[in-house]
Student: 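Take this structure first; my questions come after.
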Amino acid sequence: MKLTLAFAAIGTAAGFTSSTTSVRPASKLYSSDEFVVGIVGDLHIDPRKMEDYSIGKSHFKPIFEEGKAAHGNVALVSLGDLGESKNCDHNPESDSELFAGTTQCHELAAEYLGSFGVPYEVVGGNHDLEGLDEFETDEENLELYLRAHGKETPYFCREIADKTLLVGMGSTLFRDAVYTSHEVTIDQEQIDWFENLVKTHPADEDWKIFVFTHAPPNGSGLRVLQENHVVNGCCWLNHSNDKQCKKFIELVREHRSIKAWFSGHFHLGQDYQDSITFPTIDPKDGPYPNRGSCVFAQTSVMRAGTSRDGRQQSRLIRGNKDGFEICTVDHQKDGAVRLDATITFRGNDNEVGVYANDDEAYDHDNYFKVYAPSAGDALHPPDDGFKRYDEDGNIPPFDVTTDTVAWWYLSCGRAIGMLNGNLIEYDSSTLAPLGLIVGADELVGKKIGVINSGLDADTCKLLFEEEEGMEGADCAALAGDLREQAVVMLDDSGVVTVVQPNEDGSYWRKIVRNKMVRMKEVRRVKAAKQWAADLLGLDEESEANVVSSWGPYTTTSGTAKKTAVPGLTAPSAL
């Protein structure tokens, strides 16, 4: 399929409320069904380091100018995280204020994005409300963000070509995050608005919807991830809210007008096939992934200082009524445009994708490829890592190394497996990683297994034989397929550790709280070191043996890759 660069006029973005999804087209007369959209990932602008941004813009300019001259169906979308999350010498009165989320940050980002010469849209990322010193609340920070970018709401909808929509939703929590502030949270109003939009713009009426969010949804199948996002519960949209986390992929599966979903968040390049996933795959390659009619694509970063694998890349969509191409704009190769994938529409409710090239750097040291369990289907068995129960209903203990590949379902339906020596909970439906249960620091070198822990029918009968209404079949329901189970670890000394679930039945540990809480904890520890040094007559504060009762992290970075708590469940490192 050959898609040429052709476009038509676009006006300003329309504002919406959750009660309506009427789309105001930017132009009532489209001279072409073709369109081009430039997509920039996490900018993390540092006002002291603007060279890469200027170069990146110069790479997009010719593409956009050609499009405007031809037809005009052209736009730019930013995937959020607009400012650097550190002090950037921007505030002479403070040597600690973070640049991200401040008025200066958003005004500079708006000026930059507006200088491309085409209409731009933006979605909020997990750092865009981080103006902690300037604003008291998320609401105040969000108001500034919207005002700076000329937005009425955190979400947007723009008609880029006839019956072709660009739709975005942004994060609205930082200070009020229940767990890590780096979780990307789409509030319920936006979810309701999005659900109404896809319902009222169905595929059988020829609507095509391209979605943009900072983080991808659970079920996207993207595996170009960073380990810290996996173990800390901030990989996916609304990661820690089980119901909301699943909602996005459920809408994708139900509404086949959703043709593509673009996200950033991971700061990893586009040279890996796992940075793009298709809705269907060849049966010989594995089970149907159940991603509706939607292609998911990860977007890299523009500035060298923000890249986690050395790549500096952006995305480009070139599309028409027959399908679209996903391309890379490579900022390290003078803006060279590389075709990554071609997606062809098969009617209104299906599409077929073809990769344009193989992985270019599959074994890169900084590329963290998440092991994705495969449950199989009627035509395919589960993958080789799947653990089966023995005749007694147990999974016999097995040794754990950093290379162990294993996963299983518990009788309650939860999916658990190994990842680089860590014990991870996976989503039971999508088998996407949810979060850390036991860190490699506690698990590697031990054995792990699953045993029955509930009451079998005979035991139950003995315990309740004198209780009216608890005889026979009523009591037997506590056994069999409804059995309780225990995940156990065994070390060389014979000590057995039971891995207990959370109160809600989940297993992954939501151990990272929001940044406001962490900053206060760090200040308390610092004050305690000063107090201990004075009290004990120590020469240096660093000599003070201070342990925090909440762990295991000890900084404000929000990364917890270990589950042992220094001074409590492990020797103190202080």
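Computed from a predicted structure; not experimentally measured.
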Student: Over 60° means perpendicular and under 30° means parallel, so classify the ring planes of Phe262 and Phe212, tilted if in between.
Tutor: parallel
Student: So do Pro154 and Gln190 actually touch side chain to side chain, heavy atoms under 4.5 Å?
Tutor: yes
Student: Is the backbone N or O of Ala100 less than 3.5 Å from a side-chain atom of Glu130, with the two atoms forming a donor-acceptor pair by type?
Tutor: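 Judged by distance alone, no pair lies under 3.5 Å.
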Student: Which pair of heavy atoms, one from Gly101 and one from Asn141, lies closest together, and at what distance?
Tutor: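 Minimum heavy-atom separation between Gly101 and Asn141: O-ND2, 2.8 Å.
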Student: Can you check whether Asn290's main-chain N or O pairs, donor with acceptor, with Arg253's side chain at less than 3.5 Å?
Tutor: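 Checked: pair present.
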Student: For Thr185, which of Leu237, Asn241, Asn238 qualifies under side-chain contact (heavy atoms from CB on, under 4.5 Å)?
Tutor: Asn238
Student: Does either side chain, that of His44 or that of His127, offer a donor lying less than 3.5 Å from an acceptor on the other one?
Tutor: no
Student: With heavy-atom distances below 4.5 Å as the criterion, would you say the side chains of Glu84 and Arg303 are in contact?
Tutor: yes
Student: Closest approach of His106 and Asp128, non-hydrogen atoms and distance?
Tutor: NE2-O, 2.9 Å
Student: Can you find a pair of side-chain heavy atoms, one from Tyr145 and one from Lys151, that are under 4.5 Å apart?
Tutor: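 Yes, at least one pair of side-chain atoms sits under 4.5 Å.
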Student: Does Phe296 form a ring-ring contact (aromatic ring centres under 6.0 Å, His included) with Phe278? I'd like the steps, not just the answer.
Tutor: CA-CA 7 Å; Phe296 292 89; Phe278 295 140; over 10 Å; no
Student: Taking only residues two or more places apart in sequence or in another chain, which ones pass side-chain hydrogen bond (donor to acceptor under 3.5 Å, both in side chains) with Asn91?
Tutor: Glu97
Student: Indicate the ring-plane relationship of Phe116 and Tyr112, choosing parallel, tilted or perpendicular according to the 30° and 60° boundaries.
Tutor: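 Because their plane-to-plane angle is over 60°, the rings of Phe116 and Tyr112 count as perpendicular.
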Student: Which heavy atom in Thr180 sits nearest to a heavy atom in Cys234, and how many Å separate them?
Tutor: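 The answer is CG2-CB, 4.1 Å.
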Student: Taking all non-hydrogen atoms of both residues, which atom of Gln244 and which atom of Ile186 are closest, and how far apart?
Tutor: OE1-O, 4.3 Å
Student: Regarding Asp81 and His214, do their side chains bring together a donor and an acceptor under 3.5 Å, going by distance alone?
Tutor: yes
Student: Using a strict 4.0 Å threshold on nitrogen-to-oxygen distance, state whether Glu152 and Arg147 make a salt bridge.
Tutor: no
Student: Taking only residues at least two apart or on different chains, which pairs with a member in residues 164-180 satisfy salt bridge (charged side-chain N to carboxylate O under 4.0 Å, His left out)?
Tutor: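 Counting only pairs at least two positions apart or across chains, the salt bridge (charged side-chain N to carboxylate O under 4.0 Å, His left out) contacts touching residues 164-180 are Asp138-Arg175.
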Student: Is it true that the NZ or CZ of Lys86 lies under 6.0 Å from the centre of Phe99's six-membered ring and within 45 degrees of the ring axis?
Tutor: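 Here Lys86 fails the 6.0 Å and 45° test against Phe99.
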Student: With a 6.0 Å cut-off on ring centres, are His255 and Trp207 close enough?
Tutor: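 Not close enough - the centres of the two rings lie 6.0 Å or further apart.
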Student: Please report the closest heavy-atom contact between Glu183 and Ser171, naming both atoms and the distance.
Tutor: O-OG, 4.1 Å
Student: Side chains of Ser96 and Asn87 only: does a donor on one sit below 3.5 Å from an acceptor on the other?
Tutor: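 Note: Ser96 and Asn87 side chains miss the donor-acceptor criterion.
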Student: Grab the two heavy atoms, one from Cys294 and one from Val252, that are nearest each other, plus how far apart they are.
Tutor: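 Heavy atoms of Cys294 and Val252 come nearest at CB-CG1, 3.6 Å.
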